[in-house]
Amino acid sequence: MECTVRAVTRGPKHHFFGYYDKTPWDISGRYLLAGQVDFMDRSPAGGEPLTIGLVDLQDDCRFSPIARTTAWHWQVGCHVQWLGSDPGRRIIYNDQRAGRLVSVVRDVFDGSERVLPMPIMAVNRQGTMAITVDMHRLHACRPGYGMPGGGDYALDQLAPADQGIYTIDLASGECKRIINLAQLAAWQPVEDMEGARHWCNHLVFNPSGTRFSFLHRYKGPRTGNWVTRFFTANVNGSDLFLLNPEKMTSHYDWRNDGEILAWARHDGVDAYWLFTDKNREVRRIGETCFREDGHCNFSPDGRWMLTDTYPDRNDQKRTLILYRWSDGPRIDIGRFYSPNPADIERRCDLHPRWSRDGRQVCIDSVHEGSRQMYVIDVSGIVNS
């Protein structure tokens, strides 16, 4: 079932939002956050700016610039998002100021701002706390997801105790290291960790903001490509739990405070698995529906899962998918051409995200020849 696809940005400039784990819509549903840039065929060079703006869905999708940043990449953008404590007025995003990576809380209407001493990766729904990693280390280990600059890469140190995961109090700006890489490397270690370099990626809060999840990755002479372990922890770093030790976890989303859906390996099978936090209960989801990884996330009411695919080998099209959680039908709502570039840092994934009312979906796509944002009305499906 294909749905009406509406382009909400237009050329000649290129537009995108970034990762799939947050919504670009403000609380009113009128404005979409978007990034604007002059090119799409290469990775950004150091210091090249991204313009952050608002797309007015009630005024011919007019783009109004509100800020600029030089701390961005194609996959995650600059982690721009509406602040949960004031989602109709304030945003938070990453930037570089005086040669340092920082995050900025900005009022989109009067332009006032506060600069915080570290960049963010995720913010709790309440808008009070962020979590982050050493972005320079992440950039060196997984280009396209971190950011260069802002510190010593320390790559000669395989698992340094002075790098890891941090919380940022968004009111006071206080930053605390709550988990370090030496601690993770020593947590239930296995033989292929010998000589491996460690880092963390993709941090996400649970809905209530009491715990968070993250990917612990390492790569060394015994691993080939990197290996991933999947952890959860309290927001102060305590009660650390190795949710999936089987060396492959990819995209994921919290279904509620106790359950996480992830494309992962369990019992040697790569599939969508529903993990239960702090115990070993695991259940396969959509066994007859899904055969590959995608950017999975749940509708606001939890009744639907949204995900996508990578390009089909035959026609280079990505499929956008809805999956009804209660009884499992898969509904393909669109297919979009997107070549895989040689430089995977500038790949354009659909990265689908829900509107706040669960009636629309927003994607980034290049199927019309430029990188733009599209909104798809799925109300006829989810309300049926």
Side-chain angles (χ1 to χ4, degrees), residues 1-8 16-25 75-76 202 204 248-256 259-266 269-275 283-340 347-368 371-384:
M1 178 185 296
E2 293 206 3
C3 301
T4 301
V5 179
R6 175 192 180 195
V8 294
F16 74 109
F17 179 69
Y19 224 36
Y20 71 99
D21 54 358
K22 54 188 74 70
T23 182
W25 275 272
Q75 285 291 311
V76 298
H202 199 191
V204 181
M248 197 289 285
T249 302
S250 184
H251 304 101
Y252 69 89
D253 189 32
W254 289 83
R255 181 168 182 257
N256 51 48
E259 295 178 318
I260 308 176
L261 178 74
W263 183 266
R265 183 169 302 144
H266 179 70
V269 177
D270 293 356
Y272 278 123
W273 296 95
L274 187 68
F275 294 88
R283 178 164 62 96
R284 187 169 179 179
I285 301 298
E287 181 172 355
T288 62
C289 296
F290 300 106
R291 290 291 182 267
E292 62 180 295
D293 190 6
H295 301 94
C296 58
N297 56 101
F298 288 98
S299 61
D301 63 9
R303 296 191 306 119
W304 293 85
M305 182 185 87
L306 172 68
T307 190
D308 60 356
T309 69
Y310 289 102
D312 183 275
R313 292 181 180 179
N314 295 319
D315 61 12
Q316 288 296 101
K317 289 185 177 181
R318 302 171 191 262
T319 303
L320 188 63
I321 302 164
L322 285 174
Y323 177 81
R324 190 163 60 203
W325 195 256
S326 61
D327 54 1
R330 165 179 162 160
I331 303 172
D332 293 357
I333 58 174
R335 303 188 74 239
F336 304 88
Y337 175 78
S338 183
N340 267 333
R347 186 182 66 208
C348 185
D349 296 332
L350 297 180
H351 286 158
R353 323 115 192 151
W354 289 97
S355 62
R356 294 177 185 268
D357 62 6
R359 296 167 60 87
Q360 298 177 89
V361 170
C362 178
I363 61 171
D364 300 333
S365 185
V366 294
H367 66 275
E368 293 185 310
R371 188 182 295 248
Q372 304 296 343
M373 294 172 61
Y374 298 82
V375 168
I376 303 162
D377 186 343
V378 296
S379 59
I381 299 173
V382 300
N383 292 337
S384 64

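Along the sequence shown, the residues carry numbers beginning at 1.
Side-chain atoms of Ser338 come within 3.5 Å of backbone atoms of Cys348 as a donor-acceptor pair (strictly under, hydrogens ignored). A donor-acceptor pair under 3.5 Å is formed between the side chain of Asn297 and the backbone N or O of Pro352. The backbone N or O of Lys317 sits nowhere less than 3.5 Å from a side-chain atom of Asp312 that would complete a donor-acceptor pair. The closest donor-acceptor contact from the side chain of Asp364 to the backbone of Phe17 lies under 3.5 Å. Put simply, the side chain of Gln75 never gets that close to the backbone of Asp349: no donor and acceptor are under 3.5 Å apart. A side-chain donor-acceptor contact under 3.5 Å links Arg353 to the backbone of Gly18. Although no hydrogens or angles enter the test, the distance criterion places a donor-acceptor pair under 3.5 Å between the side chain of Arg303 and the main chain of Val382. A side-chain donor-acceptor contact under 3.5 Å links Thr309 to the backbone of Thr319. Formation of a donor-acceptor pair under 3.5 Å by the Thr23 side chain with backbone atoms of Trp354 is found in this model.
In this structure, the separation between CD1 on Ile285 and CZ on Arg255 is 8.0 Å, given to the nearest 0.5 Å. Rounding to the nearest 0.5 angstrom, the gap separating the CD1 atom in Ile260 from the CZ atom in Phe275 is 8.5 Å. With values rounded to the nearest 0.5 angstrom, Leu274 atom CG is found 11.5 Å from His266 atom NE2. Between Asn383 atom CG and Arg359 atom CZ the span is 5.0 Å, to the nearest 0.5 Å. Atom OG1 in Thr4 sits 7.0 Å away from atom CG in Asp377 (nearest 0.5 Å). Expressed to the nearest 0.5 Å, how far CD1 of Ile331 lies from CD1 of Ile321 amounts to 11.0 Å.
Annotation: salt bridge (Lys or Arg N to Asp or Glu O under 4.0 Å) contacts of Arg283 (sequence neighbours excluded): none.
Within the structure, the salt bridge (charged side-chain N to carboxylate O under 4.0 Å, His left out) test picks out the following pairs touching residues 285-296 (sequence neighbours left out): Arg284-Glu287.
Minimum interatomic distance between Phe336 and Ser365 (heavy atoms only, all atoms of both residues): CB-OG, 3.8 Å. The minimum heavy-atom distance linking Ser355 with Pro300 is given by the pair O-CG, 3.5 Å. Minimum interatomic distance between Gln360 and Trp25 (heavy atoms only, all atoms of both residues): CB-CZ2, 3.9 Å. Summarising the geometry of Pro339 relative to Gln316, their closest heavy-atom pair is CA-NE2, 3.5 Å, with the distance given to 0.1 Å.
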Walk me through it: do Tyr310 and Arg318 pass the test side-chain contact (heavy atoms from CB on, under 4.5 Å)? CA-CA 5 Å; Tyr310 289 102; Arg318 302 171 191 262; 3.6 Å; yes
Determine whether Tyr19 and His351 satisfy the following criterion, side-chain contact (heavy atoms from CB on, under 4.5 Å), listing intermediate values before the conclusion. CA-CA 6 Å; Tyr19 224 36; His351 286 158; 3.7 Å; yes
Please evaluate residues Ile376 and Val5 with respect to the criterion side-chain contact (heavy atoms from CB on, under 4.5 Å), reporting the C-alpha separation (whole Å), side-chain torsions for both, the decisive distance (0.1 Å), and the verdict. CA-CA 5 Å; Ile376 303 162; Val5 179; 4.0 Å; yes
Could you go through Met373 and Val375, starting from their C-alpha distance and side-chain angles, then the distance that decides it, and tell me whether this counts as side-chain contact (heavy atoms from CB on, under 4.5 Å)? CA-CA 7 Å; Met373 294 172 61; Val375 168; over 6 Å; no
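Put simply, the residue from Trp304, Phe298, Phe290, Tyr272 that forms a ring-ring contact (aromatic ring centres under 6.0 Å, His included) with Tyr323 is Phe290.
His202 is listed as a side-chain neighbour of Val204, based on a closest heavy-atom distance under 4.5 Å. Annotation: side chain of Trp263 is not in contact with side chain of Cys296 (no heavy-atom distance under 4.5 Å).
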